[in-house]
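Along the sequence shown, residues carry numbers from 1.
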Amino acid sequence: METETAIPWLTDAEQRAWRTYLDVNRLLTYQLEKDLQPFGLTINDYEILVNLSESPDRRMRMSDLAAATLQSKSRLSHQITRMENAGLVRRENCESDRRGLFAVLTDHGMETMRTVAPHHVESVRKHFIDLLNPDSLDSLHRSLDPIAEQLRGLRGKP
């Protein structure tokens with residue numbers, strides 16, 4: 001039990017900040033997901049559409065897309081199957097690597113992106129951006145950026 005006493009427990013201020021962050025993360029994700037429902041999309045669907053729409057030739061290797069969206073290859077494969085059935089994406093074989101597959105944004109997927117993106121941005125503004133003044137927004141970015149950088153560096157490490 002010695003290790004328990006060596007743990008630097010969170011102060012009241014640290015606990016409040018941590019729990020507020022968790023609340024905002026869950027509540028904002030819930031609201032953004034809810035605002036995508038009328039379009040038949042989940043937040044994961046939208047993230048995949050964004051990644052593909054911003055990639056050269058609107059395509060990414062499945063393994064790269066899994067890494068970009070922080071999904072397991074298996075989970076992404078199921079997601080892509082569902083999105084294929086909706087006509088949003090298709091799979092293509094990788095000519096240089098017979099085992100590799102690309103996820104490719106279809107024309108319908110791109111049109112869906114063009115339709116949904118303004119609504120999503122409006123939702124992000126309404127539930128996040130517009131609630132912060134420019135100084136707070138800048139401070140939030142400066143505060144969270146080192147955390148994001150450190151966590152990016154840990155990806156894929158045990």
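No side-chain heavy atom of Lys73 sits under 4.5 Å from any side-chain heavy atom of Met62. Residues Phe39 and His119 are in side-chain contact: their nearest non-hydrogen atoms beyond the backbone lie under 4.5 Å apart. Proximity of Leu36 to Asp45: side-chain heavy atoms (C-beta onward) are nowhere separated by under 4.5 Å. The closest side-chain heavy-atom distance from Gln79 to Thr69 is not below 4.5 Å. Val104 has its side chain out of reach of Leu52: every pair of non-hydrogen atoms, C-beta onward, lies at least 4.5 Å apart. The shortest distance between side-chain heavy atoms of Leu41 and Thr112 falls below 4.5 Å. In this structure, Ile129 and Leu137 have side chains that are in contact, with non-hydrogen atoms separated by less than 4.5 Å. Taking 4.5 Å as the limit, some side-chain heavy atom of Ile48 sits within range of a side-chain heavy atom of Gln71.
Atom CG in Leu76 sits 11.0 Å away from atom CG in Asp64 (nearest 0.5 Å). Taken to the nearest 0.5 Å, the CG atom of Asn44 stands 13.5 Å off from the NE2 atom of His78. Atom CG of Leu154 sits about 11.5 Å away from atom CD of Glu149, to the nearest 0.5 Å. Taken to the nearest 0.5 Å, the CG atom of Asp138 stands 4.5 Å off from the CZ atom of Arg142. Atom CG in Leu105 sits 9.0 Å away from atom CZ in Arg90 (nearest 0.5 Å). Interatomic distance, Phe102 CZ to Arg61 CZ, rounded to the nearest 0.5 Å: 6.0 Å.
Side chain of Thr106 to backbone of Leu88: a donor-acceptor contact under 3.5 angstrom is found. A side-chain donor-acceptor contact under 3.5 Å links Ser53 to the backbone of Val50. Looking at Ser136, its side chain never comes within 3.5 Å of a backbone N or O of Leu132 through a donor-acceptor pair. Between the side chain of Asn133 and the main chain of Asp135, a donor-acceptor pair closer than 3.5 Å is present. The backbone N or O of Glu14 lies less than 3.5 Å from a partner atom in the side chain of Thr11, making a donor-acceptor pair.
Contacts classified as salt bridge (charged side-chain N to carboxylate O under 4.0 Å, His left out) and involving residues 46-55 (residues at least two apart or in different chains) are not found. Applying the ring pair (Phe, Tyr, Trp, His ring centres under 6.0 Å) test to residues at least two apart or on different chains, the pairs with a partner in residues 120-146 are Tyr46-His120. Applying the salt bridge (charged side-chain N to carboxylate O under 4.0 Å, His left out) test to every pair with at least one member in residues 118-127, sequence neighbours left out, gives these pairs: Arg125-Asp130.
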Take Arg16 and Asp12, measure what side chain to side chain contact (heavy atoms under 4.5 Å, CB included) needs, and give me the verdict at the end. CA-CA 6 Å; Arg16 278 193 312 275; Asp12 288 344; 3.7 Å; yes

Run the side-chain hydrogen bond (donor to acceptor under 3.5 Å, both in side chains) check on Ser77 and Arg91 step by step: do they pass? CA-CA 10 Å; Ser77 181; Arg91 286 182 174 99; 3.1 Å; yes

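If you chain together hydrophobic residues whose side chains sit under 4.5 Å apart, Leu144 and Leu28 fall into the same group. In the hydrophobic clustering of this structure, Leu70 does not group with Tyr21; members are Ile, Leu, Val, Met, Phe, Trp, Tyr whose side-chain heavy atoms approach within less than 4.5 Å, directly or through other members. Note: the hydrophobic cluster containing Leu22 also contains Leu10 (ILVMFWY, side chain heavy atoms under 4.5 Å, direct or indirect links). Hydrophobic cluster membership is shared by Leu151 and Leu140, with clusters built from Ile, Leu, Val, Met, Phe, Trp and Tyr side chains linked at under 4.5 angstrom.
Closest heavy-atom contact between Asn51 and Ala68: OD1-CB, 3.6 Å. Shown here for Leu49 and Gly109, the closest heavy-atom pair between the two residues is CD2-O, 4.3 Å.
For Ala148, the side-chain contact (heavy atoms from CB on, under 4.5 Å) partners two or more places apart in sequence, or in a different chain, are Arg152. Not a single side-chain hydrogen bond (donor to acceptor under 3.5 Å, both in side chains) links Gln37 to another residue, sequence neighbours left out. With sequence neighbours left out, Glu33 forms a side-chain hydrogen bond (donor to acceptor under 3.5 Å, both in side chains) with no residue at all.
Using a cutoff of 4.0 Å between basic side-chain nitrogens and carboxylate oxygens, Arg26 and Asp23 are scored as salt-bridged.
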